[in-house]
Amino acid sequence: QVQLVESGGGLVEFGSSLRLSCAASGFTFALWTMHWYRQAPGKEREFVASISRTGESITYADSVRGRFTISRDNAKDTLYLQMSSLKSADTAVYYCIRPTATYGSDLWGKGTLVTVAS
């Protein structure tokens, strides 16, 4: 079955670093652009970062640019998000997403919770 499984979240101190992983299975990972989104408690989901199939095109939300790094290892079918200088506003459930051309049909993982101590 097609699946995305996030991992690496946890409780961290202000200013610390954390790396999230997303393991993909059931499809050819290398053929897809991938995104990270996050959802803070009681708030809407927001875009975090995207990466093209081979990593040549990367974009970040203004809120994370310079602090977060998205990457991928196509040989391992894995997407990563390296987070640094974490602050309270980064507290959220983080999701990896395989976007599609059909609205409502994006593939989402179940998410991993990142909590940054205030």
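For clarity, every value in this text was computed on a predicted model and none was experimentally measured.
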State the OG-CD distance between S118 and E13, to the nearest 0.5 angstrom. 10.0 Å
Distance (rounded to the nearest 0.5 Å) between L107 CG and I97 CD1: 9.0 Å
Does T102 have any side chain to side chain contact (heavy atoms under 4.5 Å, CB included) partners at least two apart in sequence or in another chain, and if so, which? T100, S105
Applying salt bridge (Lys or Arg N to Asp or Glu O under 4.0 Å) to R67 and not counting sequence neighbours gives D90
Is the shortest side-chain heavy-atom distance between Y95 and L4 below 4.5 Å? no
With sequence neighbours left out, what residues match F14 under ring pair (Phe, Tyr, Trp, His ring centres under 6.0 Å)? none
Going by the rule side-chain hydrogen bond (donor to acceptor under 3.5 Å, both in side chains), which residues pair with S57 if we only count those two or more places apart in sequence or in a different chain? none
Qualifying residues under side chain to side chain contact (heavy atoms under 4.5 Å, CB included), relative to V114, sequence neighbours excluded: L18, L20, M83, Y94, V116
Heavy-atom pair with the smallest gap, counting every atom of E6 and K110: OE1-N, 3.0 Å
Just checking E56: does its CD atom have more than 12 heavy atoms from other residues, nucleotides or ligands closer to it than 6.0 angstrom? yes
Test side chain to side chain contact (heavy atoms under 4.5 Å, CB included) applied to S63 - qualifying residues, sequence neighbours left out: R38, A61
Nearest 0.5 angstrom please: L81 CG to S71 OG, how far? 8.0 Å
Going by the rule side-chain hydrogen bond (donor to acceptor under 3.5 Å, both in side chains), which residues pair with S50 if we only count those two or more places apart in sequence or in a different chain? T59
Measure the spacing between OG of S21 and CG of L79 and express it to the nearest 0.5 Å. 8.5 Å
May I have all residue pairs that pass disulfide bond (SG atoms under 2.5 Å apart) and include part of residues 31-108, sequence neighbours excluded? C22-C96
Residue pairs meeting ring-ring contact (aromatic ring centres under 6.0 Å, His included), one or both in residues 43-66, sequence neighbours left out, come to H35-F47, Y37-F47
Please tabulate, for the side chains in residues 24-32, all donor-acceptor contacts under 3.5 angstrom to protein atoms that are two or more places apart in sequence or on a different chain.
none

Decide whether V12 and V64 are clustered together by the hydrophobic rule: side chain heavy atoms of Ile, Leu, Val, Met, Phe, Trp, Tyr closer than 4.5 Å, transitively. yes
If you group Ile, Leu, Val, Met, Phe, Trp and Tyr by side-chain heavy-atom gaps below 4.5 Å, do V48 and I70 land in one group? yes
So CE of M34 and OH of Y80: to nearest 0.5 Å the spacing works out to 12.5 Å
Does A40 have any side chain to side chain contact (heavy atoms under 4.5 Å, CB included) partners at least two apart in sequence or in another chain, and if so, which? K43, A92
Under a 4.5 Å cut-off applied to non-hydrogen side-chain atoms, are P99 and D106 in contact? yes
Partners meeting side-chain hydrogen bond (donor to acceptor under 3.5 Å, both in side chains) with N74 (sequence neighbours left out): R72
